**Q** 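This is the structure, below, for whatever I ask next.
Note that the structure is a prediction, hence the values are computed from the model and not measured. One-based numbering, in listed order, for ligands and for the atoms of each.
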Amino acid sequence: MATATLSIDLDAIAANWRAMDRLSAPGTQTAAVVKADAYGLGLARVARALAHAGARRFFVAVAEEGATLRQILGPGPQICVFSGHMAGDTDMIHDLDLTPMLNSIDQVTRHFEALPGHVFGLQLDTGMNRLGMEAPEWEAVAALVLEAGPELLMSHLACADEPDHPMNAAQLAEFHAMTDGCGVPRSLAATGGILLGPEYHFDLTRPGIGLYGGRPFDAARPVTALSLPVIQTRELGIGETAGYGCTWSAEAPSLIATVSGGYADGLQRALSNRAVLWAGETPCPVVGRVSMDLITVDISHLDQQPRSLDILGPHQGVDDLADAADTIGYEILTSLGARYQRRYIEGQG
Ligand SMILES: *Cc1c(COP(=O)(O)O)cnc(C)c1O
């Protein structure tokens, strides 16, 4: 079988959630962000594992994800939708008991007209300029909105992964200015904000990437391992080239392994001639371009021909691979392809 195997450690995800929960200030609820198919790792398995670990509130990006999640979790856990209440969402929000985070006066109007009395939260913009009401809009409608009883006021930090960035303190001050005295539970911190310290935690934190083993939560247990089967090996003489465009040529007689996996599987073309794969403890450089389904790797220095090579594992986590591709761990995870055989590890502690 040439299909690569992606192992996803649900025990590690649960342990990471508990670790983030312990880091959150006493009395602060720790939610779990499972948007984008739980960062590409599989919504159903991941959400069930998190619910089992104790998560009672989940965040998704869009109502459709919330509807899927409700079918997975059943009634009980709270499911919040970052994109709020869009046209066409009303039935899903109502029937599947979703909590929209309303982002604008338009959304407030839509929600109050379509579903009066239905639970909702508010997203406020404290400087990221992406989603949420800005201070003047909020001031204009705050009294009316607060009377309707929002269950959460939230905002999002733009630079939380850079602890010394002045934007953090500026957004914290703006969040206080917009919400102090409202008497409604508040949430500002995702993974990066949790690590900034308790003054960022308020009543609820919303970790995502930290659960899945990514920066900036350096203490996270690794979650993913990805092993690519070797389909074929061949000897190259000096001057022979590997792959499209002949971007690499052998400077010495070389043994090249062709492994199953490529940019169609989320292993970006930017990894060409840059990444390494691992044969157990031994790094092996990618040579030539990553193609759609295949990667060529120099294994000249190995004693034995490997049956597979690891591209994610103990020696190379999602952020290491992200560095090689000039991107971030979030993008590596959410790009992981549909072709892998997914193996979930659970119940081993
Ligand atoms: C994605 C997201 C999160 C989770 O962020 P991480 O950095 O993955 O912890 C929290 N809040 C909002 C608004 C988000 O969009």
**Q** Just grab all the ring pair (Phe, Tyr, Trp, His ring centres under 6.0 Å) pairs involving residues 226-280, residues at least two apart or on different chains.
**A**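 Residue pairs with at least one partner in residues 226-280: W278-H315.
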**Q** Can you pull the residues with any heavy atom under 4.0 Å from ligand 1?
**A** V33, K35, Y39, F82, R130, M154, H156, A190, T191, R206, P207, G208, I209, Y330
**Q** Go through the side-chain N and O atoms of T99 and Q78 and say whether any donor and acceptor fall under 3.5 Å apart.
**A**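 A donor-acceptor contact under 3.5 Å links the two side chains.
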**Q** With a 4.0 Å cut-off, would you call R48 and E346 a salt bridge?
**A**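 E346 and R48: not salt-bridged.
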**Q** Is R186 salt-bridged to D180, going by a charged N under 4.0 Å from an acidic O?
**A** yes
**Q** I need the full list of ring pair (Phe, Tyr, Trp, His ring centres under 6.0 Å) pairs touching residues 88-128, with sequence neighbours left out, sorted by first then second residue.
**A**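 Applying ring pair (Phe, Tyr, Trp, His ring centres under 6.0 Å) to every pair that reaches into residues 88-128, excluding sequence neighbours, yields H85-H111, H111-H118, H111-F120, F112-F120.
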**Q** Of all residues at least two apart in sequence or in a different chain, which pass the side-chain hydrogen bond (donor to acceptor under 3.5 Å, both in side chains) check with T191?
**A** none
